[in-house]
Asks: 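I'd like to ask some things about the structure below.
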There are 2 protein chains.
Amino acid sequence: MIETRLLRQFIVVAEELHFHRAAARLHMAQPALSQAIAKLEARLGFAALTRSRRSVALTPAGRAFLETAYATLDTLDAGIGRARRVADGVAGRLTIATLSLAGYTPVLETLRAFRRALPEVELDLREMPSARQLEALVAGEVDVALMRELALPAVIETRQVLTEAILLALPTDHPGAKSAASNEPVALGDFAESDFVFTPRALGPGYHHQLMALCQAAGFTPNIQQEAAQLTTLLGLVASGLGVALVPASIARSLRLDGVVFCALAPLPGRPDASLALNVNWHRENTSPLIEDFITRLKSQTRNETLPL
Amino acid sequence: MIETRLLRQFIVVAEELHFHRAAARLHMAQPALSQAIAKLEARLGFAALTRSRRSVALTPAGRAFLETAYATLDTLDAGIGRARRVADGVAGRLTIATLSLAGYTPVLETLRAFRRALPEVELDLREMPSARQLEALVAGEVDVALMRELALPAVIETRQVLTEAILLALPTDHPGAKSAASNEPVALGDFAESDFVFTPRALGPGYHHQLMALCQAAGFTPNIQQEAAQLTTLLGLVASGLGVALVPASIARSLRLDGVVFCALAPLPGRPDASLALNVNWHRENTSPLIEDFITRLKSQTRNETLPL
DNA sequence: GGCCGGTAATACGTGTTGCCTATCATAGTC
DNA sequence: GACTATGATAGGCAACACGTATTACCGGCC
């Protein structure tokens with residue numbers, strides 16, 4: 001096996017074509033260098049240098065191997081530098097599972113700032129529902145996940161990023177839509193008899209449960225007429241008059257849809273305002289230094305605020 | 001400094017993610033491997049592996065460095081293979097100084113066969129006059145030289161490749177041209193009073209001297225009307241009627257020029273036929289294994305024959 | 001809950017090897 | 001012909017890579 005020590009020694013000898021000077025540059029004695037080069041040539045199986053008593057010259061194979069020696073050490077040095085930058089958290093890749101980020105201005109701003117601050121870091125964004133995010137996190141497929149509250153295994157850490165109000169989405173021609181026009185909160189209990197459209201429970205059990213609980217607190221169990229995985233699809237169903245929907249405020253910020261109006265919900269007596277959290281989660285044993293950096297930036301950007309409308 | 005031993009050890013540990021199995025694959029004991037990896041990490045300056053008592057995993061920087069380790073060893077292995085092929089004379093580069101090869105069919109055939117037999121060898125052909133070839137050979141700029149006979153320093157080896165007749169090139173309307181038409185040799189002495197065109201002495205002193213000596217033997221000193229470096233130019237001058245010229249037979253084989261006819265020379269009494277040699281020369285201390293190969297092929301192709309007309 | 005199997009780290013001894021100093025051999029130089 | 005420059009060889013030493021023995025610790029299992 002050819003050690004890099006031998007490569008370094010060979011390079012200097014090839015550059016100097018003089019064992020004494022080369023040995024001096026290597027801070028070693030000439031005999032040791034002669035031995036090292038002899039060992040190198042024995043391992044290579046061919047003569048890399050021709051030595052007369054007066055001069056040293058490279059053979060053609062030696063010239064070819066010199067290129068290899070340079071290339072090998074360059075590859076190694078560059079790779080060490082790169083790996084050090086990865087270890088220092090200024091290079092590498094951060095894979096992020098997210099919900100649709102359309103309405104989350106502070107998160108988008110964080111991503112932009114992160115990319116600007118760490119141009120050597122590749123950001124890999126993958127949009128998926130909360131339940132799938134958790135699977136990906138546990139499986140190590142992603143480094144961080146931006147998702148709804150969910151029951152988490154102990155290895156998953158979580159921090160709240162922001163909260164946002166829950167709004168009621170109504171078809172424009174719905175009787176309750178006049179409240180929306182006047183920007184007045186509506187009482188959820190007034191919609192006990194309405195048809196509802198919901199996202200499937202399996203995609204985000206926590207989210208689903210929270211919306212259901214909200215209805216229970218308002219005194220009814222929603223009559224679910226139809227489910228749709230995507231919020232945009234859900235609002236399309238609302239627009240078509242199939243029912244009303246409870247949605248996070250972020251979707252109202254990013255999507256103005258003809259035929260749909262959004263109403264704030266009047267607070268229920270004895271209960272705080274209905275709001276949804278967006279959390280950032282990560283695997284406790286994931287050693288990427290980028291995770292902490294990303295979360296720190298995210299928190300300083302959002303300061304756990306409620307997303308404004 | 002990171003030795004390749006450490007790279008190999010790290011690669012196996014990263015592949016196995018298990019110190020015992022990795023040590024077995026490396027034919028060593030586990031503690032030594034633990035120490036080796038610890039030393040690697042100390043030199044790298046970052047942790048490449050996270051070890052719990054139960055499991056081993058790569059850090060992101062470790063993953064990055066693993067790529068580097070593979071790339072480094074690949075570069076080295078490929079380079080060693082390449083250099084070995086260079087040493088074995090099946091790869092590399094052979095730089096050849098030549099006269100114009102147009103008429104030298106056996107040499108061209110050798111080049112073709114060489115290229116076919118050794119596709120990994122780059123042939124670098126450089127056309128230049130004999131005197132310049134010798135300089136290039138001594139300076140190490142070329143590996144072999146195909147040139148006229150010349151006084152050579154002791155470090156230059158030489159072998160004859162082939163010989164070719166010296167012909168007299170005449171303008172078609174020259175009184176002597178009728179001999180050419182009947183394919184009869186002409187006596188050089190008959191042209192004692194003719195004007196001659198010659199190549200400059202400096203480009204090929206041996207060649208020049210040989211032609212002059214031929215005229216002397218025929219009893220005259222040629223009246224040199226004009227010089228031209230290129231044989232094609234020289235023959236152009238002949239065609240225009242400026243004079244006659246002594247040229248190697250190869251040029252007659254490769255160049256048919258309106259207004260010029262070539263005549264064989266009648267042997268002079270007591271002298272062998274007038275002929276020129278094409279020699280292959282190389283530097284005695286040039287260690288390229290391709291030189292011997294090339295010369296062997298050249299000789300087996302030509303067998304020192306006289307170039308046929 | 002204590003025991004056992006599995007795993008990596010630590011302690012310490014040893015053989016290899018990379019390097020040192022001293023010397024030799026040889027070729028070119030004054 | 002002695003001298004100088006240069007690389008190779010010889011012999012010794014110390015660093016280090018590796019081995020054996022042991023420890024430390026975690027999980028699963030009876």
Side-chain angles (χ1 to χ4, degrees), chain A residues 1-44 46-59 62 66 69 73 138 153-155 283-285 287, chain B residues 1-44 46-59 62 66 69 73 138 153-155 283-285 287:
Chain A
M1 295 293 86
I2 313 288
E3 298 299 327
T4 59
R5 161 179 294 114
L6 291 179
L7 297 183
R8 290 172 224 281
Q9 290 167 331
F10 175 68
I11 283 174
V12 175
V13 172
E15 283 176 355
E16 296 288 340
L17 291 178
H18 191 289
F19 278 74
H20 267 99
R21 283 199 299 275
R25 259 180 66 184
L26 289 162
H27 307 294
M28 62 188 291
Q30 168 265 315
L33 187 54
S34 287
Q35 290 167 358
I37 300 297
K39 162 166 288 189
L40 174 67
E41 289 181 311
R43 292 187 184 178
L44 288 174
F46 58 83
L49 296 168
T50 51
R51 297 91 138 156
S52 75
R53 295 282 171 188
R54 301 295 294 174
S55 71
V56 176
L58 283 167
T59 62
L66 178 60
L73 295 187
V138 171
V155 290
H283 198 294
R284 188 192 298 274
E285 283 161 22
T287 51
Chain B
M1 295 292 84
I2 314 288
E3 297 300 329
T4 59
R5 162 179 292 112
L6 292 179
L7 298 183
R8 289 172 225 280
Q9 291 168 331
F10 175 68
I11 284 174
V12 176
V13 172
E15 284 177 355
E16 297 287 340
L17 292 178
H18 190 291
F19 278 72
H20 266 102
R21 283 199 299 274
R25 258 180 69 185
L26 288 162
H27 307 293
M28 62 187 291
Q30 167 265 315
L33 186 55
S34 286
Q35 291 166 359
I37 299 298
K39 162 168 287 188
L40 173 67
E41 289 182 310
R43 292 188 185 175
L44 287 174
F46 57 84
L49 296 167
T50 51
R51 296 92 139 157
S52 75
R53 295 284 170 187
R54 301 293 297 175
S55 71
V56 176
L58 283 166
T59 62
L66 178 60
L73 295 187
V138 171
V155 290
H283 198 293
R284 187 193 300 272
E285 284 162 19
T287 52

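In the text below, chain A, chain B and the rest are named by the order of the sequence lines, each starting its count at 1.
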Asks: What nucleotide, of D:dA17, D:dG19, C:dT17, holds the atom closest to the side chain of B:M28?
Replies: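 When the side chain of B:M28 is considered, D:dG19 is the closest of D:dA17, D:dG19, C:dT17.
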Asks: Can you check the B:L33 CG to D:dC18 P distance for me, whole Å?
Replies: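 Rounded to whole Å, this separation is 9 Å.
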Asks: Reading nucleotides 6-15 of chain C 5' to 3', which nucleotides get B (base under 4.0 Å from a protein heavy atom), which S (sugar-phosphate only), which -?
Replies: BSBBBBB---
Asks: What is the distance, rounded to the nearest whole Å, between atom CG of A:L6 and atom P of C:dT17?
Replies: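 My rounded result for the distance is 12 Å.
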Asks: For B:R51, give me all partners under salt bridge (Lys or Arg N to Asp or Glu O under 4.0 Å), at least two apart in sequence or on another chain.
Replies: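 If we apply the salt bridge (Lys or Arg N to Asp or Glu O under 4.0 Å) test to B:R51, skipping adjacent residues, the hits are B:E41.
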Asks: D:dC18 phosphate, OP1 or OP2: any side-chain N/O from B:R5 under 4.0 angstrom?
Replies: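 Checking D:dC18 against B:R5, a side-chain N or O does come within under 4.0 Å of OP1 or OP2.
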Asks: Roughly how many Å is it from CE in B:M1 to P in C:dC19, rounded to a whole number?
Replies: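 In whole Å, C:dC19 P lies 14 Å from B:M1 CE.
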Asks: Which residues pass the side-chain hydrogen bond (donor to acceptor under 3.5 Å, both in side chains) test with B:T59, not counting sequence neighbours?
Replies: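 For B:T59 there are no side-chain hydrogen bond (donor to acceptor under 3.5 Å, both in side chains) partners, ignoring immediate neighbours.
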Asks: Go through the structure and list residues passing side-chain hydrogen bond (donor to acceptor under 3.5 Å, both in side chains) with B:R5, not counting sequence neighbours.
Replies: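 Scan of B:R5 (side-chain hydrogen bond (donor to acceptor under 3.5 Å, both in side chains), adjacent residues dropped) gives none.
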Asks: Please report the distance, rounded to the nearest Å, between CD in A:E16 and C1' in D:dA5.
Replies: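 Whole-Å distance recorded here is 16 Å.
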Asks: Please state how far atom CD in B:Q9 lies from atom C1' in D:dG19, giving the value in whole angstrom units.
Replies: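 Distance, rounded to whole Å: 14 Å.
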Asks: Check the distance between C:dA27's P and B:E285's CD and give it to me in whole angstrom.
Replies: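 Nearest whole value for this atom pair: 13 Å.
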Asks: Roughly, in whole Å, what's the span from NE2 in A:H27 to P in C:dC20?
Replies: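 For the pair A:H27 NE2 and C:dC20 P, the rounded distance is 11 Å.
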Asks: If the condition is side chain to side chain contact (heavy atoms under 4.5 Å, CB included), which residues does B:S55 pass it with, not counting sequence neighbours?
Replies: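 Scan of B:S55 (side chain to side chain contact (heavy atoms under 4.5 Å, CB included), adjacent residues dropped) gives B:S52.
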Asks: Would you tabulate the side-chain donor-acceptor contacts of residues 16-25 of chain A under 3.5 Å, counting partners in other chains and residues two or more places apart, or write 'none'?
Replies:
residue : atom : partner : partner atom : Å
A:E16   : OE1  : A:R21   : NE           : 3.2
A:E16   : OE2  : A:R25   : NH1          : 2.8
A:H18   : ND1  : A:H20   : N            : 3.3
A:H18   : ND1  : A:R21   : N            : 3.1
A:R21   : NH2  : A:E16   : O            : 3.4
A:R25   : NH1  : A:E15   : OE1          : 3.1
A:R25   : NH2  : A:E15   : OE1          : 2.8

